[in-house]
Number of protein chains: 2
Amino acid sequence: MEDFVNNTQFGKAKKLIDFAQNIIVISHRSPDADAVGANIALATALKKIGKNVFSACTDALPSNLKFLKGTETFAQKFNSLDFDLLITVDCGSLRQIEFEPEIARFRKTGKTFINFDHHASNDFFGDINIVETKCAATCELLYYFFNFCDFEIDFKQATALLAGIYYDTGRFMHSNTTENNLNIAAELLEKGADFSSIIKNLYKTKSFEQLKLWGLIFNRARINDKNIVISAVTKDDLFECGASNEHINGAIDYLNTVAETKFCLLLTEDDSQIKASVRTQREDLDLSKLSSIFGGGGHKKASGFSISGKIQKDIEVKWRIGV
Amino acid sequence: MEDFVNNTQFGKAKKLIDFAQNIIVISHRSPDADAVGANIALATALKKIGKNVFSACTDALPSNLKFLKGTETFAQKFNSLDFDLLITVDCGSLRQIEFEPEIARFRKTGKTFINFDHHASNDFFGDINIVETKCAATCELLYYFFNFCDFEIDFKQATALLAGIYYDTGRFMHSNTTENNLNIAAELLEKGADFSSIIKNLYKTKSFEQLKLWGLIFNRARINDKNIVISAVTKDDLFECGASNEHINGAIDYLNTVAETKFCLLLTEDDSQIKASVRTQREDLDLSKLSSIFGGGGHKKASGFSISGKIQKDIEVKWRIGV
């Protein structure tokens, strides 16, 4: 077991699970592969030890995660009084779970809930908080928990856990890639994780509309005299490509691969506002400060803000931000 | 040691190395991260046991590999008579090495050479041929060889080996990703491999010209009535983006991520010819057959061919291939 894992907390969580019979496992809204993979793997483990388990998420699951066995049983509504233990996975705060009235009702009964997460921003909203920021993914954390509990991992759980780790490490490209999670990935493959389905569904199912939109974003990019890569997307662009706002996601990571630039900025028209996203590869910049000037926020290397206005056709050329 | 590794061949290679004093290690032309990483890691290992070692490649090394320590000593010329053992890494055939007159001179002296490779197409041109197609990379094969020889791997060698494995598994996205090479990657990280430099240099150094060119290729793509994604690049496009032919490399892999399509086709103007590259995700197509109709070839999922002509402005719309 890795030394950063808190066995005392694991022990407390295991005891709560042992005493419970009806358990609900909740993923955060706008669920991703880690939130869904963790939910499925944990729910399966608990069912195997005889518990009645229910998986929930306030939002419908994205279609590219439906290859994971178990996603078909997720509910978007539930009655909290049906359960005697509530477990959240990959949720940094109660706000990310939604289901507020149900959560409040559950709390009033005096029943407990467990918070499994890996986000540094976690606000410890649970009764038992197992928050390990050294884990790249909640799926990595659950792998340690399963080992602690001597829970066997079958090939479906292995696929779910690997999907989460693969996604949250950015295909083993982010700096949270470690010997620990590479070793775990290897072990999950050995246990029969369906690697080719993960790759195919998470990364090889771009829509044609997204391809065209990204093309437009890339081809239109400019580098200004401050060495900043800038591109923009208007509502007309979305219409022209048959694309929607969600298709913009991810494009900025490619703008951020241009060598020897300061940072990149992607402007998106959103009703009466312009949404600005910024990313950098550089260690010596703090983009959260830049965004906070405009009332936004985020991390040092990735942040965002909104300003009023519309994007003019020539804005990529005329737009300037001094830093 | 993995059971597919041939210890008898390893033993023979080790003996030849033990008897030699002056050794040349050669990478294939148009060298990639596996060819260069394998060369550096092996040359370093041999130097540590007291050999005089020289690294060579007929082509200059690409600038994105120059972060690897040891690349500064690569030579593009050598006198084969200075050496008593020649080792090729990652080379499928003598044609890929070039240096023909030197190789012929070397052979005439009756001295031997060792061929370390993982390509199925390897034609066993060496005296000792250590060709393991179950290895995703020659760097993976060398890892097993180093273990066999009890060679320690230092952090510079770990970086070189990981670069090769990372590159040849397509960032652990290709189907040659295995529990073995993920475990090795984990161990190399533990030995101090400089992961962030690998990611930065191999994947986060796109040129601005390439970004604009890829944008044009993506935005211009069409899906025809046979469900084939088609795009095209003319010489004028390259000029307009300030790009060169090498910037086209890799773009087709993104065309191939569009869901539910048959295959994708990228046409490139090349002097008086049009170069056609095709890729598919589907298991039931054989694109090598398609390309062979036009005098080309390749693999089932990735092939190419050339035809005479020029790309017309509206060719993406009018171009049809029936299969």
Side-chain angles (χ1 to χ4, degrees), chain A residues 63-64 166 169-175 177-191 193 195-196 198-223 229 231 240-241 251 253-261 264 281, chain B residues 63-64 166 169-175 177-191 193 195-196 198-223 229 231 240-241 253-261 264 281 283:
Chain A
S63 57
N64 71 339
Y166 205 74
T169 57
R171 296 172 274 174
F172 300 118
M173 277 183 68
H174 294 164
S175 56
T177 302
T178 62
E179 53 254 46
N180 289 332
N181 50 46
L182 282 172
N183 267 323
I184 293 170
E187 198 184 315
L188 295 173
L189 277 188
E190 213 173 339
K191 289 182 187 301
F195 183 70
S196 65
I198 294 172
I199 300 299
K200 186 173 175 188
N201 285 282
L202 294 189
Y203 298 102
K204 294 195 173 173
T205 51
K206 205 179 256 97
S207 71
F208 186 64
E209 293 75 18
Q210 185 171 38
L211 183 79
K212 290 184 75 69
L213 182 68
W214 284 27
L216 194 148
I217 294 170
F218 298 169
N219 188 249
R220 171 185 288 175
R222 299 283 179 273
I223 297 188
V229 179
S231 194
E240 184 200 308
C241 296
D253 295 325
Y254 286 83
L255 297 181
N256 195 28
T257 62
V258 179
E260 310 294 337
T261 51
C264 64
Q281 291 188 44
Chain B
S63 57
N64 71 339
Y166 204 74
T169 57
R171 297 172 273 174
F172 300 118
M173 276 183 69
H174 294 164
S175 56
T177 302
T178 62
E179 53 254 46
N180 289 333
N181 50 45
L182 282 171
N183 267 323
I184 293 170
E187 198 185 314
L188 295 173
L189 277 188
E190 213 173 338
K191 289 181 187 302
F195 182 70
S196 66
I198 294 172
I199 300 299
K200 187 174 174 187
N201 286 282
L202 294 189
Y203 299 102
K204 294 194 172 173
T205 51
K206 205 180 255 96
S207 71
F208 186 63
E209 293 75 19
Q210 185 170 38
L211 183 79
K212 290 184 76 69
L213 182 68
W214 284 27
L216 194 147
I217 293 170
F218 297 169
N219 188 248
R220 171 186 288 176
R222 300 281 178 275
I223 297 188
V229 178
S231 194
E240 183 200 308
C241 297
D253 295 325
Y254 287 83
L255 296 181
N256 195 27
T257 61
V258 179
E260 310 293 337
T261 52
C264 65
Q281 291 188 45
E283 304 292 338

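Atoms considered below: every heavy atom in the structure, side chains included; atoms not considered: hydrogens, waters and symmetry mates. Reminder, nothing fancy here: chain letters follow the sequence lines and each chain counts from 1.
A distance of 6.0 Å or more separates the ring centres of B/Y254 and A/F218.
Put simply, CD1 on A/I184 and CG on B/L182 are 11.5 Å apart, with the number rounded to the nearest 0.5 Å.
Proximity to chain B is limited to the side chain of A/I199, based on heavy atoms less than 4.5 angstrom apart. For a residue to count as touching a neighbouring chain, one of its non-hydrogen atoms must lie under 4.5 Å from one of that chain's; by this rule B/T177 touches chain A with backbone and side chain alike. For a residue to count as touching a neighbouring chain, one of its non-hydrogen atoms must lie under 4.5 Å from one of that chain's; by this rule B/E190 touches chain A with backbone and side chain alike.
Partners of B/F195 under the ring pair (Phe, Tyr, Trp, His ring centres under 6.0 Å) rule, at least two apart in sequence or in another chain, are B/Y166.
Of the listed residues (A/L255, A/L211, A/V229), the greatest number of heavy-atom pairs within a distance under 4.5 Å of chain B belongs to A/L211.
Between B/Q281 and A/K200, the closest heavy-atom pair is OE1-CG, 3.7 Å. Scanning both residues, B/L189 and A/T178, for their nearest heavy atoms gives CD1-C, 3.6 Å.
Using modelled atom types, no side-chain atom of A/K206 and backbone atom of B/V258 make a donor-acceptor pair closer than 3.5 Å. With hydrogens and angles disregarded, no donor-acceptor distance shorter than 3.5 Å links the side chain of B/K204 to the backbone of A/N256.
When side chains are defined from C-beta on, A/T205 does not count as touching B/T257, because their heavy atoms never get closer than 4.5 Å.
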